[in-house]
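Down below is the structure, laid out as structure tokens.
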Amino acid sequence: MTRTGSEDGRPVADAAPGTPPDASDERAARVARGHKQRQRVAVIIPAKDESRRIAATVRSARAIPHVDLVLVVDDGSEDNTQHVAREAGAVVVRHSHNRGKAAAMETGAAVVAMRDAPDRPPRHLLFIDGDLADTAVNTAPLVAPVLDGIADLTIALLPPQPGAGGRGIVVGAARRAIASMTGWTPTQPLSGMRCLTREAFEAATPLARGWGVETGMTIDLLRLGFRVLEVPCELRHRPSGSDLKGQLHRAAQYRDVQLAVSARRARAAASSVRQTVAPRERPGR
């Protein structure tokens, strides 16, 4: 695992060896265990034209511990994605036309919020791709660090995917941008399988558009002090190849990543200028 972000700075007193925990410690432990048992997770699957794989993805995702809701956001599919997903047991919402991955993620999070019970903690959000099929359950390791309070955002590290035709240009650009703006160098900055708290998701909105969503989210949350952890997951999905379709996909990714990074650089520069030129507060005021 690779990890970054701020650590909990609260002091912890060392107990003498053999000292039994006091009643307050035991109560705190019971509360923590009860919170974890009550905490639920929603799986959100943005999908477009995934009718061949979405049923297996939904069924597999439903087997992830702590998951009590699987939501598919059909982002303007021209096939039967919405019907297949619903028959497999997912809650389905649909965009009438394709609005992009970021919009599908925001729609999914909004629907989950409407389904959260007011007397229970808001669900953690686990975003996965619609083409994971039977391997979707292997995103389970992303959940535990968020449930345990170790991380605010976890990102899946995937093994090499057979048939992938990329040369690492987009990945390298995203990696360098994140490192230069946050000081942390991710291994797989474009990984779309991510689990995060509701607080972290809201802090990252509005999301960067299109394929820049992962890069923008990582930069925003790290700069705000949220803790990010990369977790190995045995996942298989349909990689983009080296044909024309794959090249066009990577070109769109590169464009969206650069737009996301440029917007954040401009925002950081504007914030720096405001801090520099802001009038100093007069003494006694």
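One is the number of the first residue; the rest follow in order along the sequence.
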> Does one hydrophobic cluster hold both V84 and I128, with members joined at side-chain heavy-atom distances below 4.5 Å?
Replying inline: yes

> M181 and L259: same hydrophobic cluster, using ILVMFWY side-chain contacts below 4.5 Å?
Replying inline: no

[X] side chain to [Y] main-chain N or O, any donor-acceptor pair under 3.5 Å?
{"X": "T107", "Y": "A103", "answer": "yes"}
{"X": "R175", "Y": "T187", "answer": "yes"}
{"X": "S60", "Y": "V137", "answer": "yes"}
{"X": "T154", "Y": "E230", "answer": "no"}
{"X": "T182", "Y": "L222", "answer": "no"}
{"X": "N80", "Y": "S51", "answer": "no"}
{"X": "R120", "Y": "D116", "answer": "no"}
{"X": "T135", "Y": "L132", "answer": "yes"}
{"X": "D148", "Y": "I150", "answer": "no"}

> Does L207 reach the side chain of D220, with side-chain heavy atoms less than 4.5 Å apart?
Replying inline: no

> Does the side chain of V231 reach to within under 4.5 Å of the side chain of L157, using non-hydrogen atoms?
Replying inline: no

> What pairs with E106 under side-chain hydrogen bond (donor to acceptor under 3.5 Å, both in side chains), at least two apart in sequence or on another chain?
Replying inline: R209

Does [X] pair with [Y] as a salt bridge, N-O distance under 4.0 Å?
{"X": "K48", "Y": "E78", "result": "no"}
{"X": "R40", "Y": "D68", "result": "yes"}
{"X": "D75", "Y": "R99", "result": "no"}

Over all heavy atoms of both residues, which pair between [X] and [Y] is shortest? Give the atoms and the distance, please.
{"X": "G192", "Y": "E214", "value": "CA-OE2, 3.6 Å"}
{"X": "A61", "Y": "V67", "value": "O-CG1, 3.9 Å"}
{"X": "V73", "Y": "A104", "value": "CG2-O, 3.5 Å"}
{"X": "D134", "Y": "A56", "value": "OD1-CB, 3.5 Å"}
{"X": "V146", "Y": "C195", "value": "CG2-O, 3.7 Å"}
{"X": "T57", "Y": "A136", "value": "O-CB, 3.7 Å"}

As an exercise, state the distance from [atom1] of [X] to [atom2] of [Y], rounded to the nearest 0.5 Å.
{"X": "E202", "Y": "L125", "atom1": "CD", "atom2": "CG", "result": "9.0 Å"}
{"X": "T197", "Y": "R227", "atom1": "OG1", "atom2": "CZ", "result": "8.5 Å"}
{"X": "E50", "Y": "D131", "atom1": "CD", "atom2": "CG", "result": "5.0 Å"}
{"X": "L69", "Y": "R123", "atom1": "CG", "atom2": "CZ", "result": "5.0 Å"}

> Any side-chain donor-acceptor pair under 3.5 Å between D74 and S77?
Replying inline: yes

>> If we count only N and O atoms by modelled type, under 3.5 Å, do the side chains of R265 and S180 hold a donor and an acceptor together?
In response: yes

>> Counting only heavy atoms from other residues, nucleotides and ligands, does the tally under 6.0 Å from CZ of R62 exceed 12?
In response: no

> Around E199, counting heavy atoms of other residues, nucleotides and ligands shown, do more than 12 lie under 6.0 Å from its CD?
Replying inline: no

>> Among R236, R194, K101, exactly one meets salt bridge (Lys or Arg N to Asp or Glu O under 4.0 Å) together with D129. Which residue is that?
In response: K101

>> I need the single residue from T139, L142, L196 that forms a side chain to side chain contact (heavy atoms under 4.5 Å, CB included) with F127. Which is it?
In response: L196

> Going through the distances and angles, do I44 and M105 end up as a side chain to side chain contact (heavy atoms under 4.5 Å, CB included)?
Replying inline: CA-CA 7 Å; I44 300 175; M105 292 171 66; 5.7 Å; no

>> Determine whether V143 and H124 satisfy the following criterion, side chain to side chain contact (heavy atoms under 4.5 Å, CB included), listing intermediate values before the conclusion.
In response: CA-CA 8 Å; V143 175; H124 295 329; 5.8 Å; no

> Can you check side chain to side chain contact (heavy atoms under 4.5 Å, CB included) on L153 and F201, steps first, answer last?
Replying inline: CA-CA 9 Å; L153 165 66; F201 181 82; over 6 Å; no

> For V72 and I54, what are the C-alpha separation, side-chain angles and deciding distance, and is it a side chain to side chain contact (heavy atoms under 4.5 Å, CB included)?
Replying inline: CA-CA 9 Å; V72 171; I54 195 65; 4.2 Å; yes

